[in-house]
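Can you keep this structure in mind? I'll have questions shortly.
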There are 2 protein chains.
Amino acid sequence: MQLTLEQVRKQFQECGLKFTSQRYAIYRALAGSKEHPSVEDLYSTVKKAHPTLSMNTVYNTLESLQAIGIASEISLWHDKARFDANQAPHHHLVCLRCKKIEDLYDDTLDSLALSPKAKQRYRIIGHRIEFHGYCSDCKAKINKHKKRR
Amino acid sequence: MQLTLEQVRKQFQECGLKFTSQRYAIYRALAGSKEHPSVEDLYSTVKKAHPTLSMNTVYNTLESLQAIGIASEISLWHDKARFDANQAPHHHLVCLRCKKIEDLYDDTLDSLALSPKAKQRYRIIGHRIEFHGYCSDCKAKINKHKKRR
DNA sequence: TCCTATTTAGTAATAATTACTATTTACCAT
DNA sequence: ATGGTAAATAGTAATTATTACTAAATAGGA
């Protein structure tokens with residue numbers, strides 16, 4: 001369900017960002033894909049219609065799209081690999097501000113029933129739930145910031 | 001809950017891998033941390049006791065620890081950032097073999113109740129569930145492989 | 001204790017991301 | 001509609017994470 005050109009333009013302008021043909025083309029390429037594309041994927045696709053496109057613009061645009069809330073990065077921890085020796089079932093609380101990852105133990109979350117049609121598609125080995133939010137430290141800092149202005 | 005030296009040694013040897021002091025030290029550093037450390041984090045920590053340690057060994061050891069099943073990478077998609085313009089609530093099926101990511105829509109998964117004590121710790125904005133398994137293509141290939149031997 | 005295949009350390013190569021700068025452009029004020 | 005200006009783009013360079021390669025060291029069986 002893509003947004004129209006006018007809707008995208010509006011989103012950019014309401015956030016004080018400029019609306020450019022590159023930005024729109026990148027949005028279209030992303031919204032039109034079911035592959036959860038990488039930066040490189042989007043670059044290759046959009047380059048066909050915008051031969052002078054630079055990687056930089058793709059990176060920049062993806063940040064803007066996230067800032068205005070019409071796209072998101074699904075690989076939250078992509079910057080570097082992160083490991084865990086804890087093999088017991090557990091889930092994670094991820095702080096969107098400081099990137100801290102904390103463990104969450106909750107039996108009721110360990111056994112999620114998957115719909116039959118999903119089970120047909122995939123042979124599921126396990127699952128992990130990422131809760132996104134703000135840790136106690138960052139919660140406090142954000143409130144302070146809000147009150148100040 | 002760390003494994004003892006003898007337990008770790010046994011795990012390595014049962015898989016035909018050699019047990020080395022570096023490997024044990026890296027396991028201990030990982031199992032002793034609550035920070036979900038990166039390769040660099042582990043390198044810095046273990047370097048103190050093993051001054052000649054190389055990054056390579058850390059990478060290598062982390063692969064081995066995963067192979068023998070006493071550690072896991074929690075950042076499944078860390079290799080490159082992946083994006084999505086779909087802002088509707090949904091979850092992901094990740095194929096452990098071909099790394100494909102497919103969307104999963106399931107209303108019952110969209111509203112997970114978090115325990116009160118977790119809510120106190122974090123202000124949660126949302127959550128996303130990653131199901132890990134094998135897609136239909138890879139499922140078939142794995143079965144074929146099993147039958148062959 | 002010796003042998004050998006594996007592992008390690010060190011360096012080099014590759015890939016993803018970020019930083020920097022001159023040029024271009026969107027869009028506001030005129 | 002035009003011009004001015006701050007922001008965006010393109011291109012290149014720098015940085016960072018990861019992988020590849022090789023000689024030296026070592027675990028663990030004979």
Side-chain angles (χ1 to χ4, degrees), chain A residues 5-6 8-29 36-68 71 73-83 99, chain B residues 5-6 8-29 36-68 71 73-83 99:
Chain A
L5 184 144
E6 280 313 320
V8 177
R9 183 201 298 277
K10 189 155 166 283
Q11 294 288 331
F12 270 101
Q13 294 186 338
E14 278 179 1
C15 294
L17 294 170
K18 293 183 176 171
F19 179 77
T20 69
S21 61
Q22 291 93 331
R23 284 178 168 178
Y24 183 58
I26 292 165
Y27 170 76
R28 293 240 310 170
H36 306 87
S38 65
V39 176
E40 178 93 43
D41 294 337
L42 294 169
Y43 176 74
S44 314
T45 304
V46 177
K47 183 103 178 163
K48 290 170 197 158
H50 288 261
T52 66
L53 185 73
S54 76
M55 277 287 209
N56 204 321
T57 300
V58 183
Y59 277 100
N60 169 9
T61 297
L62 286 166
E63 290 228 336
S64 304
L65 291 174
Q66 289 179 80
I68 66 182
E73 180 175 347
I74 59 176
S75 49
L76 260 193
W77 313 332
H78 81 275
D79 56 327
K80 47 179 91 170
R82 304 286 290 269
F83 299 86
K99 307 287 179 188
Chain B
L5 185 144
E6 281 313 321
V8 177
R9 182 200 300 276
K10 190 155 165 281
Q11 293 289 331
F12 271 101
Q13 294 185 338
E14 278 179 0
C15 295
L17 294 170
K18 293 185 174 170
F19 179 76
T20 68
S21 61
Q22 292 94 329
R23 285 178 167 178
Y24 183 58
I26 291 166
Y27 169 77
R28 292 242 307 171
H36 306 85
S38 65
V39 176
E40 178 93 45
D41 293 337
L42 294 167
Y43 176 74
S44 313
T45 304
V46 176
K47 183 104 178 164
K48 289 169 196 159
H50 289 260
T52 67
L53 186 72
S54 76
M55 277 286 210
N56 203 323
T57 300
V58 183
Y59 277 101
N60 168 9
T61 298
L62 285 166
E63 290 229 335
S64 305
L65 292 174
Q66 289 179 79
I68 66 183
E73 179 175 348
I74 58 175
S75 50
L76 261 193
W77 313 333
H78 81 276
D79 56 328
K80 48 179 89 168
R82 303 286 290 269
F83 299 87
K99 306 289 179 186

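Proteins come first, then strands; the chains are lettered A, B, ... in the order of their sequence lines, and each starts at number 1.
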Would you kindly give the CG-to-C1' distance between B:Leu62 and D:dT18, to the nearest whole Å?
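Atom CG in B:Leu62 sits about 12 Å away from atom C1' in D:dT18.
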Length of the CD-C1' vector between A:Glu14 and C:dC27, whole Å
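These atoms are roughly 16 Å apart.
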Nearest-nucleotide wise, let me know which of B:Thr61 and A:Glu63 is further upstream toward the 5' end of DNA chain C.
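In this pair, the answer is B:Thr61.
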Classify the side chain of B:Lys80 versus the base of C:dA15 as yes if they form a donor-acceptor pair under 3.5 Å and no if they do not.
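Result: no qualifying N/O pair found.
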Can you tell me if the side-chain N/O atoms of A:Ser54 get under 4.0 Å from OP1 or OP2 in D:dT12?
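For D:dT12, OP1/OP2 do not have a side-chain N/O of A:Ser54 under 4.0 Å.
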Heavy-atom count around B:Glu63 CD within 6.0 Å, excluding the residue itself: above 12?
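Not buried by this count: 12 neighbours or fewer within 6.0 Å.
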Contact under 4.0 Å: B:Asn56 side-chain N or O vs C:dT7 OP1/OP2
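No, outside the criterion.
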Give a yes/no answer on whether the side chain of A:Arg23 brings an N or O atom under 4.0 Å of OP1 or OP2 in C:dA26.
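No, no such contact exists.
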Phosphate OP1/OP2 of D:dA10 contacted by A:Gln22 side-chain N/O (<4.0 Å):
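Yes.
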Can you work out whether A:Ser21 or A:Asp79 has the more 5'-proximal nearest nucleotide on DNA chain D?
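Closest to the 5' end, via its nearest nucleotide, is A:Ser21.
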Starting from the 5' end of DNA chain C, give me the residue, A:Phe19 or B:Thr57, whose nearest nucleotide shows up first.
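Here B:Thr57 is the residue nearer the 5' end.
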If only side-chain N and O atoms of B:His78 are considered, is one of them under 4.0 Å from the OP1 or OP2 phosphate oxygen of D:dT18?
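Yes, because at least one side-chain N or O of B:His78 sits under 4.0 Å from OP1 or OP2 of D:dT18.
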Using the closest heavy atom to pick a nucleotide of DNA chain D for each, name whichever of B:Met55 or B:Gln13 lands nearer the 5' end.
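Result of the comparison: B:Met55.
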